[in-house]
Amino acid sequence: MDLVRIKNVEKKYKNGVTAIYDLNLAIEKGAFVFVIGGSGSGKSTLIKMLYREEKPTKGQIIVGGLDVAKLKNRKVYKLRRKLGIVFQDYRLLPKQTVYENVAFALEVIGAKKDEIRVKVLKALEDVGLKHKLHEYPDHLSGGEQQRVAIARAIVNDPKLLLCDEPTGNLDPDMSMEIMKVLEDINEKRGTTIIMVTHDKDIVNKMKKQVITLKEGRLVNFKKKGTYNNEAI
Ligand code: ADP
């Protein structure tokens, strides 16, 4: 079963730049997919279209049965509930503890206190940070902050986790820790993961699916891929 289906998608920005040309892609449930390619190849645009930050100018995007481009603004929450998103710069609330940062994602959708507690503790356990729940973000290392951001993204058990350069600010050791956490979430929770990265070592070590974009076009899609020359 495909969780994501992209059919003949084009994205042309208002300034006339075409970021994505005629993209066709299917991503199965439970897959772990890297998106690689040079700067300006369309990676972020692709991710943004998946969470409806941007709309395609042509074609169709289906995520978990929802026709993303056609969703009315007031229905976008239906899509967002199927998704978790992790960014390069963590985006934690500095004045909130680890627990509160993760709980916030559930409070905004009106979850009950008991349910919040169970889910937050489980998510923090899954990222190896249950012992730091009372800490504030500025007392944590970059790798730990990113793990909090991952816990926040998975706390409501989304079908799809989108990661835009999640290791971009981290050293190689911390990056590999993050990758182990993501691999674990993919295997144990069955969450489908799409991750944009520039990191050649990570892609080569993990041996996951690899989508390569070049100047807005899909030039390679491998099941057990490595960082290939087309990405440079
Ligand atoms: P990548 O993530 O691979 O670096 P992007 O998706 O950010 O690539 O960008 C692809 C192309 O689209 C680039 O030429 C970029 O300048 C252009 N672009 C990205 N965002 C916008 C925007 N909001 N408005 C206009 N052009 C954009």
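The residues of the chain are indexed from 1 along the displayed sequence. Read the numbers this way: they start at 1 and go in the same order the structure lists the ligands and their atoms.
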Pairs under 3.5 angstrom only: tabulate donor-acceptor contacts from the side chains of residues 130-137 to other protein residues two or more places apart or in another chain.
residue : atom : partner : partner atom : Å
Lys132  : NZ   : Glu144  : OE2          : 3.0
Glu135  : OE1  : His139  : ND1          : 3.2

*Identify, with sequence neighbours excluded, every residue that meets side-chain hydrogen bond (donor to acceptor under 3.5 Å, both in side chains) alongside Asn156.*
Lys119
*Could you pull out all residues at least two apart from Glu215 that satisfy salt bridge (Lys or Arg N to Asp or Glu O under 4.0 Å)?*
none
_Side-chain heavy atoms of Glu28 within contact of Leu3, under 4.5 Å_ = no
*If you measure from CG on Asp157 to NZ on Lys122, what distance do you get to the nearest 0.5 Å?*
8.0 Å
*Is Ile6 linked to Leu161 within one hydrophobic cluster, defined over Ile, Leu, Val, Met, Phe, Trp and Tyr using a side-chain heavy-atom separation of less than 4.5 Å?*
no
_Neighbouring residues of ligand 1, heavy-atom cut-off under 4.0 Å_ = Tyr13, Asn15, Val17, Ala19, Gly38, Ser39, Gly40, Ser41, Gly42, Lys43, Ser44, Thr45
